[in-house]
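First up is the structure itself, then whatever we jot down about it.
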Amino acid sequence: MTARTKLIELLKSEAAQESVLIKGWIRTQRESKDFSFIELNDGSCLANIQIIVDNDVDDYQEIVKLTTGAAISVTGELVESLGKGQKWEVRARAIGVLGVAPDDFPLQKKRHTDEYLRTIAHLRPRSNKYSAIFRMRSKLSFAVHQFFKERNFQWIHTPIITGSDCEGAGEMFSVTTMDLNNIPKKNGAVDYEQDFFGKEASLTVSGQLSVETFCLSLGDVYTFGPTFRSENSNTSRHMSEFWMIEPEMAFADIHDDMKLGQEFVQYLVKYTMEECTEDLELFAKFVDKNLMSTLENIVNNDFIRLSYTDAVDLLLKSNQKFEFPVKWGSDLQSEHERFLTEKHFKQPVIVYDYPKDIKAFYMRINDDEKTVAAMDILVPAIGEIIGGSQREERYDVLRQRITGMGFDEADYWWYLDTRKYGTVPHAGFGLGFERLLMLVSGISNIRDVIPFPRTPKHLEF
RNA sequence: UCCCCGGUAGCUCAGUCGGUAGAGCGGGUGACUGUUAAUCACUAGGUCGGCAGUUCGAGCCUGUCCCGGGGAGCCA
């Protein structure tokens with residue numbers, strides 16, 4: 001019995017092969033007088049293989065009626081193609097029908113809009129563009145781990161369910177086993193003591209606080225997993241469920257953090273260019289004509305680094321008309337970030353040392369006592385792809401920040417403990433994996449780089 | 001959540017001044033061809049997003065709701 005060969009291997013074949021077995025889905029069929037062409041794809045790579053079916057093959061009349069989308073197995077001979085456009089083709093000896101596709105199969109031999117394909121998210125990976133992005137997603141996940149492994153970072157599996165309501169990165173989804181039609185109450189308030197965990201529980205919005213404890217023990221660490229935010233965001237770059245990568249380095253400051261962020265983005269872009277060439281070509285050709293020059297620009301140049309204060313000065317002197325005024329102390333608006341990265345510098349920009357009042361409590365206060373050692377990496381078209389900071393490692397300063405912002409320091413006891421016992425300077429950031437995929441593919445809507453997007457009012461599939 | 005744009009055949013769209021529905025692709029049938037999103041001919045296919053209103057008459061005008069896209073905020 002011959003084993004099934006995947007097309008990615010078969011198409012690389014050095015020589016003709018007497019007997020091969022392939023399985024996949026029909027992309028298109030063209031019927032000739034005495035034989036028929038079938039283009040088959042099995043998802044292992046972008047390319048199809050052409051199959052020649054002569055009319056003396058068993059059940060020929062049934063085979064020529066197969067339409068786009070049908071699944072078949074083919075045994076035959078791998079031969080050099082007589083036609084132009086492909087090196088190899090399979091001359092079929094026998095074809096087995098695994099699953100027919102009736103004529104209402106929603107994917108046609110033509111370009112569909114992303115909006116339509118999103119309504120058939122269960123079938124869109126059978127299209128060229130979506131199979132390409134999901135192969136790239138898989139390969140880049142691997143590259144994330146490879147990058148950190150090469151640098152001796154440890155992968156930490158921080159919890160997805162959290163009892164900590166102090167992660168502070170956004171609105172959280174509640175996790176409960178209580179009967180929502182009959183919620184236990186005590187003195188008018190929800191009685192969480194009767195819930196599964198005996199306390200209020202949520203899905204994580206960030207693994208950072210947890211992973212910091214491992215940073216201050218294993219040294220350099222990172223998380224890579226799903227993250228959940230229940231903000232009512234309706235944009236092309238936000239989802240309720242997304243994957244985030246959060247490295248955290250011990251004995252490191254904000255400059256080490258910026259360096260790691262740049263190296264990480266450059267590594268992943270370079271990896272894409274070297275390891276995903278076939279899929280990348282599709283994006284460069286059909287999705288974003290400037291993709292290759294964008295990627296080369298990222299790989300070949302240091303990211304611009306400028307402080308928030310310098311960025312504000314630059315924006316004020318730019319003579320640009322902005323809808324929102326530029327003012328020291330206010331956060332940069334999207335239009336300001338876009339100006340910096342798309343118009344002024346035309347490359348990725350790292351803005352650092354933001355006013356402390358617009359940033360989170362755990363970010364380290366600088367000597368000027370007005371700014372914190374925070375940094376955002378901004379890229380053209382997408383905006384913020386990385387947000388990070390050096391963490392406040394000084395016990396007393398951190399305690400004051402927590403209470404000063406109106407939080408209860410008792411909720412942060414274990415976090416404060418890490419500063420009480422053997423504290424060290426450390427820094428880290430969060431990178432949105434889907435935003436990175438947008439960057440390397442040119443795909444402009446984040447819902448199109450994840451298998452089944454979750455956004456407000458959307459939980460299909 | 002706010003602002004702007006859109007919703008017409010399975011898909012992508014056109015539809016003039018308010019007068020009763022069109023194309024390409026896809027499907028079906030046939031022809032032709034080592035073809036390449038093949039080509040050619042014929043053919044089927046519509047509650048014009050829902051509801052209400054104006055009008056003799058609404059795909060077109062008004063109101064409202066639903067859905068999609070772009071932008072903004074929140075952020076990765």
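Order of the sequence lines fixes the chain letters, A, B, ..., with proteins taken first and strands second; residue numbering starts at 1 for each chain. None of these values were measured; they are calculated from a predicted model.
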Practice item. May I ask you to decide if the ring planes of Phe322(A) and Phe339(A) are parallel, tilted or perpendicular, using 30° and 60° as cut-offs? Key: perpendicular
What pairs of nitrogen or oxygen atoms, one from the protein and one from nucleotides 44-46 of chain B, lie under 3.5 Å apart?
none

Exercise for review: Evaluate the ring planes of Phe37(A) and Phe35(A), with Trp represented by its six-membered ring, and classify them as parallel (under 30°), tilted (30 to 60°) or perpendicular (over 60°).
Suggested key: perpendicular
**Study point:** Nearest to side-chain heavy atoms of Glu384(A), which nucleotide of U36(B), G68(B), A76(B)
**Key:** A76(B)
Check your understanding: Between U54(B) and G63(B), how far is it from one C1' atom to the other, in whole Å?
Key -> 11 Å
Check your understanding: Between Arg454(A), Arg447(A), Arg137(A), which is the residue that forms a salt bridge (charged side-chain N to carboxylate O under 4.0 Å, His left out) with Glu434(A)?
Key -> Arg137(A)
Check your understanding: Does the side chain of Thr235(A) get closer than 4.0 angstrom to OP1 or OP2 of G70(B) through an N or O atom?
Key -> no
Study note, to complete from the structure: Taking G34(B), U1(B), A76(B) as options, the one with an atom nearest any side-chain atom of Phe242(A) is A76(B)
Point to revise | Contacts of Lys109(A) that satisfy side chain to side chain contact (heavy atoms under 4.5 Å, CB included) - sequence neighbours left out | key: Thr28(A), Thr68(A)
What are the atom names and distances for every N/O pair under 3.5 Å that joins the protein to nucleotides 28-30 of chain B?
none

Review point. C67(B) phosphate, OP1 or OP2: any side-chain N/O from His458(A) under 4.0 angstrom?
Key: no
Practice item. Find out whether Asn234(A) and Thr455(A) are in side-chain contact, i.e. whether some heavy atom of one side chain is under 4.5 Å from a heavy atom of the other. Key: no
Point to revise | ring pair (Phe, Tyr, Trp, His ring centres under 6.0 Å) assessment of Phe224(A) paired with Phe148(A) | key: CA-CA 11 Å; Phe224(A) 184 12; Phe148(A) 288 119; 8.9 Å; no
Check your understanding: Does some side-chain heavy atom of Arg111(A) sit less than 4.5 Å from a side-chain heavy atom of Lys129(A)?
Key -> no
Exercise for review: Spell out yes or no: do the side chain of Ser233(A) and the base of C75(B) have one donor N/O and one acceptor N/O closer than 3.5 Å?
Suggested key: no
Check your understanding: Of all the base pairs, Watson-Crick or G-U under 3.5 Å, which form stems of three or more consecutive pairs involving RNA chain B?
Key -> B:1-7 with B:66-72, B:10-13 with B:22-25, B:27-31 with B:39-43, B:49-53 with B:61-65
Check your understanding: Is the backbone N or O of Met172(A) less than 3.5 Å from a side-chain atom of Ser230(A), with the two atoms forming a donor-acceptor pair by type?
Key -> yes
Review point. What integer distance in Å separates Gln29(A):CD from G27(B):P?
Key: 11 Å
Check your understanding: Taking the six-membered ring of Tyr267(A) as reference, does the NZ or CZ atom of Arg151(A) fall below 6.0 Å from its centre and within a 45° cone about the axis?
Key -> yes
Exercise for review: For the residue pair Trp155(A) and Tyr222(A), categorise the inter-ring angle as parallel (less than 30°), tilted (30 to 60°) or perpendicular (more than 60°).
Suggested key: parallel
Revision key, fill the gap. Ranking C74(B), A76(B), U1(B) by distance to the side chain of Arg435(A), first place goes to A76(B)
Point to revise | NZ/NE/NH1/NH2 to OD/OE distance under 4.0 Å, Arg364(A) and Asp253(A) | key: no
Point to revise | Contact state string [nucleotides 4-15 of chain B, B base, S sugar-phosphate only, - no protein heavy atom under 4.0 Å] | key: ------BBS---
Check your understanding: Is there a side-chain contact between Phe264(A) and Phe429(A) (heavy atoms, below 4.5 Å)?
Key -> yes
Check your understanding: Given atom CG of Leu431(A) and atom C1' of C75(B), what is their separation to the nearest angstrom?
Key -> 13 Å
Check your understanding: Of all the choices, G73(B), G34(B), A38(B), which nucleotide is nearest to the side chain of Ile52(A) once you look at every atom?
Key -> G34(B)
Exercise for review: Take the angle between the ring planes of His255(A) and Tyr352(A) and call it parallel below 30°, perpendicular above 60°, tilted in between.
Suggested key: perpendicular
Review point. Looking at residues 329-343 of chain A, who's got a heavy atom less than 4.0 Å off RNA chain B?
Key: Gln333(A), Ser334(A), Arg338(A)
Review point. When the distance from NZ of Lys84(A) to C1' of A38(B) is rounded to whole Å, what number comes out?
Key: 15 Å
Check your understanding: Out of Phe452(A), Tyr130(A), Phe461(A), which residue meets the ring-ring contact (aromatic ring centres under 6.0 Å, His included) rule with His122(A)?
Key -> Phe461(A)
**Study point:** Geometric class of the Tyr354(A)/Tyr308(A) ring pair [parallel <30°, tilted 30-60°, perpendicular >60°]
**Key:** tilted
Practice item. Answer yes or no: does a side-chain N or O of Asn445(A) lie under 4.0 Å from OP1 or OP2 of G70(B)? Key: yes
Check your understanding: Taking the six-membered ring for Trp, are Tyr271(A) and Phe142(A) parallel (under 30°), tilted (30 to 60°) or perpendicular (over 60°)?
Key -> tilted
Practice item. Ignoring the backbone of Gln86(A), work out which of G71(B), U36(B), A72(B) is nearest its side chain. Key: U36(B)
Exercise for review: Look at the side chain of Gln50(A) against the base of U35(B) and say whether a donor-acceptor pair falls under 3.5 Å; ignore hydrogens and angles.
Suggested key: yes
